[in-house]
Asks: 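Take a look at the following structure, please.
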Amino acid sequence: MVADARSCSPSMIHPTPRLRFAPSPTGPLHLGGARTAMYNWAAARAMGGAFLLRIEDTDQARSTEASLQIILAGLRWLGIDWDEGPEQGGAFGPYFQMQRLDRYRAAAERLLQSGHAYRCYCSAERIEAVREAQKAQKSAFLGYDGHCRELSPAQRAEFEQRGVVPNVRFRMPSERTLRVHDLILGDVEVNTRDFDDWVMLRPDGVPLYNFACVIDDIDMKITHVVRGNEHFQNGIKQRLLFEALGAECPLYAHIPLILNKDGKKLSKRDADTNMLDYRDKGFPPEAVFNYIALLGWGFSGDRDVFSREEMVQAFRIESIGKSGAKFDEEKLRWMCGEYVRRTPPPLLLARALPWLTPALPAVVHAARTHAAWLENVVACYQERIALYGELGDKIGWLFADPVLDDAAKKNVDKDPAGRSWLAAYAAHLEQGALPPSWPADRQGVDEVVRLPSKKDQPEVACAFWTPARIEADCRAFVEQLGVKFGSFVHPVRAALTGTDKGPGLFDVLFLLGAETCARRLRAVSDAS
RNA sequence: GUCCCGGUCGUCUAGUCCGGCCCAGGACCCCAGAUUUUCAUUCUGGUAACACGGGUUCGAAUCCCGUCCGGGAUACCA
């Protein structure tokens with residue numbers, strides 16, 4: 001008999017699309033979970049429906065409040081909000097499965113009455129033994145053997161008398177082919193003979209995943225289920241349960257898994273798959289969102305960078321890819337750089353501040369008194385970092401006289417006369433009009449002159465030298481000195497910043513200001 | 001073992017439904033060059049793929065069959 005699972009057809013009965021993400025609080029939110037949540041969220045938003053969070057906490061041994069909080073924080077960090085669920089409420093609650101036990105018991109009772117379920121008195125040991133035997137015989141079928149399927153009332157009474165508390169199993173049709181439609185996989189044919197009679201309810205009345213999930217999906221009027229491919233077989237069990245309950249089942253979309261470098265399912269035990277690790281390392285959340293979305297879904301053939309809003313505009317469940325995707329940290333990193341570069345400096349500064357202050361306590365003060373200056377500093381590094389967390393390592397030289405690294409020393413000593421140029425330049429600069437150095441009052445220069453300076457930038461009126469003016473002056477100075485511009489510039493940069501990398505030299509001079517530049521140039525010049 | 005799914009550059013993918021516009025496009029990475037006061041950014045160019053074998057067809061990445069490889073599932077976890 002082939003049953004066309006037509007009962008699982010589009011949701012004309014529920015006019016409003018309702019989707020859910022149903023994590024179990026047994027660990028952190030990992031990448032795969034985040035992606036599943038995101039696709040559900042995006043589909044709900046795209047269809048103008050509701051997105052809800054349901055907490056599947058029936059594994060009491062492993063569920064923790066801490067995990068729940070981490071999951072919620074991870075979702076919020078990514079910008080995934082929910083209409084119903086924890087800390088949000090809603091008309092279809094409660095949203096914690098352990099608070100819905102009465103619902104499951106009632107449903108189990110109905111199924112027992114109708115014969116779709118039965119009580120199983122088998123011990124864990126017996127089940128284990130059956131499995132071992134099946135393996136030993138190389139049986140095609142692995143699973144519960146249906147021992148208690150057709151117990152007589154007398155047999156049942158005997159077990160009850162002995163005080164054996166049964167669990168409740170779903171009675172799978174023994175030999176039935178069904179064709180199911182999946183939004184991603186298309187039409188798939190399976191036979192119930194490959195499934196065993198699975199446990200719905202434990203002896204203590206706590207439901208198992210497949211059971212609780214269906215009861216809740218019915219109660220919460222879920223219309224579309226987007227979840228990992230590892231649930232495909234569960235989906236078969238669940239469809240049959242919907243049928244037994246006389247309910248319409250949602251549309252299913254089983255999405256491919258995210259794979260690690262070795263091509264294996266990404267494990268939630270992998271430390272670096274915890275969403276909050278990305279937050280704590282200073283990844284821009286929008287970039288992580290964008291990158292994860294890309295793991296299996298494309299905005300278009302020629303665009304990788306898109307916003308949440310654009311995704312919602314374009315998202316369709318059916319357009320999720322069919323094959324698994326490997327997580328590529330390099331591309332994620334590139335994506336982060338992309339977002340950092342697009343962030344307006346004041347916002348970038350605000351975002352990066354938490355990573356700056358532990359390394360550089362002075363930043364706290366600077367943020368209050370020299371905000372525009374700090375914004376210029378950040379702007380100068382915008383195209384040099386990918387993570388907020390990387391800024392702190394790079395800008396220390398602005399707050400304390402640096403120790404020269406090897407490359408810097410080499411640049412200083414490249415020309416025997418190099419150190420003497422530094423002293424001369426220091427003296428020369430003192431005749432000029434460099435802005436005052438932090439922490440002195442910079443008198444508003446940073447509001448007027450925006451960095452990083454570009455070649456074609458128009459001149460601005462300013463009481464102090466702008467980077468363009470500093471450069472013009474420097475070139476004239478160097479010409480008088482009679483050396484090559486390039487060989488002059490490198491020792492200066494080294495003395496000022498302690499490295500051979502960084503913003504344009506004249507931005508550096510502008511940022512550092514008169515006193516600091518002179519001091520550092522002399523210090524290196526004298527150190528010979 | 002059994003069942004299910006998948007397989008386009010190293011990686012993420014577009015194209016596959018409705019065969020020709022694809023001797024396969026974009027992005028990351030890598031390499032070379034340009035710009036430049038360094039690094040970075042930016043720009044230009046380059047290397048690199050339709051898993052394999054059979055069909056069907058005037059013509060196949062696209063349709064069919066088989067093989068191989070990969071993954072998932074087979075819990076009183078979710």
Side-chain angles (χ1 to χ4, degrees), chain A residues 22-24 26-27 33 56-59 61-63 120 122-124 127-128 131 134-135 137-144 167-169 182 184-186 188-191 193-196 198-204 206 208-210 212-213 227-234 236 254 256-257 259 261 263-265 268 291 294-298 300-305 321-335 337 341 380-385 394 407-408 411 452 455 471 474-475 478 485-490 492-494 497 499-506 508:
Chain A
S24 67
T26 54
E56 310 213 327
D57 53 357
T58 57
D59 185 344
R62 296 195 298 140
S63 293
C120 169
C122 292
S123 66
I127 292 188
E128 182 59 25
R131 179 175 310 279
Q134 288 166 339
K135 277 186 186 158
Q137 292 167 227
K138 293 195 179 346
S139 162
F141 176 83
L142 289 179
Y144 183 62
N167 54 35
V168 180
R169 285 187 189 268
D182 187 279
I184 310 292
L185 271 17
V188 180
E189 215 171 83
V190 291
N191 194 298
R193 79 169 84 91
D194 299 310
F195 296 81
D196 69 352
W198 47 279
V199 176
M200 300 183 343
L201 225 47
R202 297 180 175 98
D204 63 1
V206 177
L208 254 37
Y209 170 69
N210 283 120
C213 178
R227 79 219 312 188
N229 200 242
E230 77 259 34
H231 287 298
F232 182 81
Q233 321 308 57
N234 288 328
I236 303 300
H254 290 96
L257 274 10
L259 279 13
K261 274 196 182 63
K264 300 258 196 282
K265 176 181 174 180
K268 76 167 71 170
Y291 177 72
L294 227 35
L295 248 26
W297 183 78
S300 72
D302 57 1
R303 241 185 90 190
D304 286 346
V305 182
K322 282 177 164 38
S323 51
K326 287 183 187 169
F327 178 65
D328 179 6
E329 275 193 66
E330 299 241 47
K331 188 152 185 177
L332 203 210
R333 209 191 137 66
W334 165 81
M335 185 71 80
R341 265 167 256 135
C380 282
Y381 277 92
Q382 194 153 18
E383 54 199 33
R384 277 168 254 263
I385 61 166
K394 297 192 189 286
N411 281 344
K455 275 266 163 321
E471 174 168 6
C474 179
R475 286 188 186 272
V478 171
F485 187 65
S487 43
F488 176 81
V489 139
H490 297 306
V492 173
R493 165 185 301 286
T497 69
T499 80
D500 63 342
K501 303 171 174 48
L505 216 219
F506 307 106
V508 167

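Note: hydrogens, waters and symmetry copies are ignored here, and every other heavy atom, side chains too, is used. Letters go in sequence order (proteins before strands), and every chain restarts at 1.
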Asks: Looking for any heavy atom pair under 4.0 Å, which part of the strands does A/Pro452 touch: base, sugar-phosphate only, or nothing?
Replies: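 If one applies the 4.0 Å heavy-atom cut-off, A/Pro452 turns out to touch nothing in the nucleic acid.
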Asks: Output the rounded distance in Å from OH (A/Tyr381) to C1' (B/U38).
Replies: 11 Å
Asks: Given B/U38, B/C39, B/C3, which nucleotide is nearest the side-chain atoms of A/Arg384?
Replies: B/C39
Asks: Find the partner of B/G20: check Watson-Crick (N1-N3 plus N6-O4 or O6-N4) and G-U wobble (N1-O2, O6-N3) distances, both under 3.5 Å, and reply none if neither fits.
Replies: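 Matched B/G20 with B/C58 under the 3.5 Å cut-off.
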Asks: B/A32 pairs with which nucleotide, Watson-Crick or G-U wobble, both distances below 3.5 Å?
Replies: B/U44
Asks: Among B/G26, B/C39, B/C76, which nucleotide has an atom closest to any side-chain atom of A/Ala124?
Replies: B/C76
Asks: Given the P atoms of B/G26 and B/C9, what is the spacing between them in whole Å?
Replies: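 Straight-line distance between the two P atoms is 16 Å.
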Asks: So, are A/Glu471 and A/Arg475 salt-bridged, with charged N and O less than 4.0 Å apart?
Replies: yes
Asks: I want to confirm an ordering. Mapping A/Trp334 and A/Lys322 to their closest nucleotides on RNA chain B, which one lands closer to the 5' end?
Replies: A/Lys322
Asks: How is A/Leu505 classified with respect to the nucleic acid when contacts are heavy atoms under 4.0 Å: base, sugar-phosphate, or nothing?
Replies: base
Asks: At 4.0 Å (heavy atoms only), tell me whether A/Tyr209 reaches a base, stays on the sugar-phosphate, or touches nothing.
Replies: base
Asks: In this structure, how many angstroms lie between the P atom of B/U74 and the CZ atom of A/Phe195, rounded?
Replies: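 In whole Å, B/U74 P and A/Phe195 CZ are 10 Å from each other.
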Asks: With under 30° as parallel and over 60° as perpendicular, where do the rings of A/Phe506 and A/Phe485 fit, or are they tilted in between?
Replies: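 A/Phe506 and A/Phe485: parallel rings.
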Asks: Return the value, rounded to whole Å, for the distance between atom CZ of A/Arg303 and atom C1' of B/G26.
Replies: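 Whole-Å distance recorded here is 13 Å.
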Asks: Across the strands shown, which category fits A/Arg333 at heavy-atom distances under 4.0 angstrom: base, sugar-phosphate, nothing?
Replies: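 If one applies the 4.0 Å heavy-atom cut-off, A/Arg333 turns out to touch nothing in the nucleic acid.
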Asks: Looking for any heavy atom pair under 4.0 Å, which part of the strands does A/Asn234 touch: base, sugar-phosphate only, or nothing?
Replies: base
Asks: Would you tabulate the pairs of protein nitrogen or oxygen atoms and nucleotide nitrogen or oxygen atoms of nucleotides 13-15 of chain B closer than 3.5 angstrom?
Replies:
| residue | atom | partner | partner atom | Å |
| --- | --- | --- | --- | --- |
| B/U13 | OP1 | A/Gly296 | N | 2.9 |

Asks: Over how many whole Å does the gap from A/Glu471 atom CD to B/U37 atom P extend?
Replies: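 About 7 Å, once rounded to whole Å.
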Asks: Categorize A/Cys122 for me: base, sugar-phosphate, or nothing, with a 4.0 angstrom heavy-atom threshold over every strand shown.
Replies: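 Answer is base: heavy atoms of A/Cys122 come under 4.0 Å of a base.
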Asks: Give A/Gly502 one of three labels, base, sugar-phosphate or nothing, depending on what nucleic acid heavy atoms sit under 4.0 Å from its own.
Replies: base
Asks: On a whole-Å scale, what distance lies between the P atoms belonging to B/C65 and B/G46?
Replies: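 About 40 Å, rounded to a whole number of Å.
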Asks: Measuring to OP1 and OP2 of B/C77, would you say a side-chain N or O of A/Arg202 lies under 4.0 angstrom away?
Replies: yes
Asks: Over all strands shown, is A/His231 touching base, sugar-phosphate only, or nothing at heavy-atom distances under 4.0 angstrom?
Replies: base
Asks: Rounded to the Å, how far apart are A/Leu332 CG and B/C12 P?
Replies: 14 Å
Asks: Can you check the A/Gln233 CD to B/A75 C1' distance for me, whole Å?
Replies: 14 Å
Asks: Does some side-chain heavy atom of A/Arg493 sit less than 4.5 Å from a side-chain heavy atom of A/Asn411?
Replies: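 Side-chain contact under 4.5 Å: no.
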Asks: Counting any heavy atom closer than 4.0 Å, what does A/Thr58 reach on the DNA or RNA strands: base, sugar-phosphate only, or nothing?
Replies: sugar-phosphate
Asks: Expressed in angstrom and rounded to an integer, what is the separation of A/Arg475 atom CZ from B/U37 atom C1'?
Replies: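 My rounded result for the distance is 7 Å.
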Asks: Regarding A/Asn167, tell me which of base, sugar-phosphate or nothing describes its non-hydrogen contacts under 4.0 Å with the strands shown.
Replies: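 Since a base atom lies under 4.0 Å of A/Asn167, the category is base.
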Asks: Below 4.0 angstrom from OP1 or OP2 of B/U42, is there any side-chain N or O of A/Arg341?
Replies: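 Yes.
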Asks: Side-chain N or O of A/Lys264 less than 4.0 angstrom from OP1 or OP2 on B/G71?
Replies: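 Yes.
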Asks: Over all strands shown, is A/Phe506 touching base, sugar-phosphate only, or nothing at heavy-atom distances under 4.0 angstrom?
Replies: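 Result for A/Phe506 = base.
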Asks: Here's a test of your reading of the structure: between A/Phe232 and A/Asp328, which maps to the more 5' nucleotide of RNA chain B?
Replies: A/Phe232
Asks: Does A/Pro256 reach a base, just sugar-phosphate, or nothing at all? Heavy atoms under 4.0 Å.
Replies: nothing
Asks: Counting the atoms with a prime plus P, OP1 and OP2 as sugar-phosphate, which does A/Asp59 contact under 4.0 Å by heavy atoms, base, sugar-phosphate, or nothing?
Replies: sugar-phosphate
Asks: Which nucleotide in the list B/U38, B/A75, B/G26 gets nearest to the side chain of A/Arg131?
Replies: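 Closest nucleotide among those given: B/A75.
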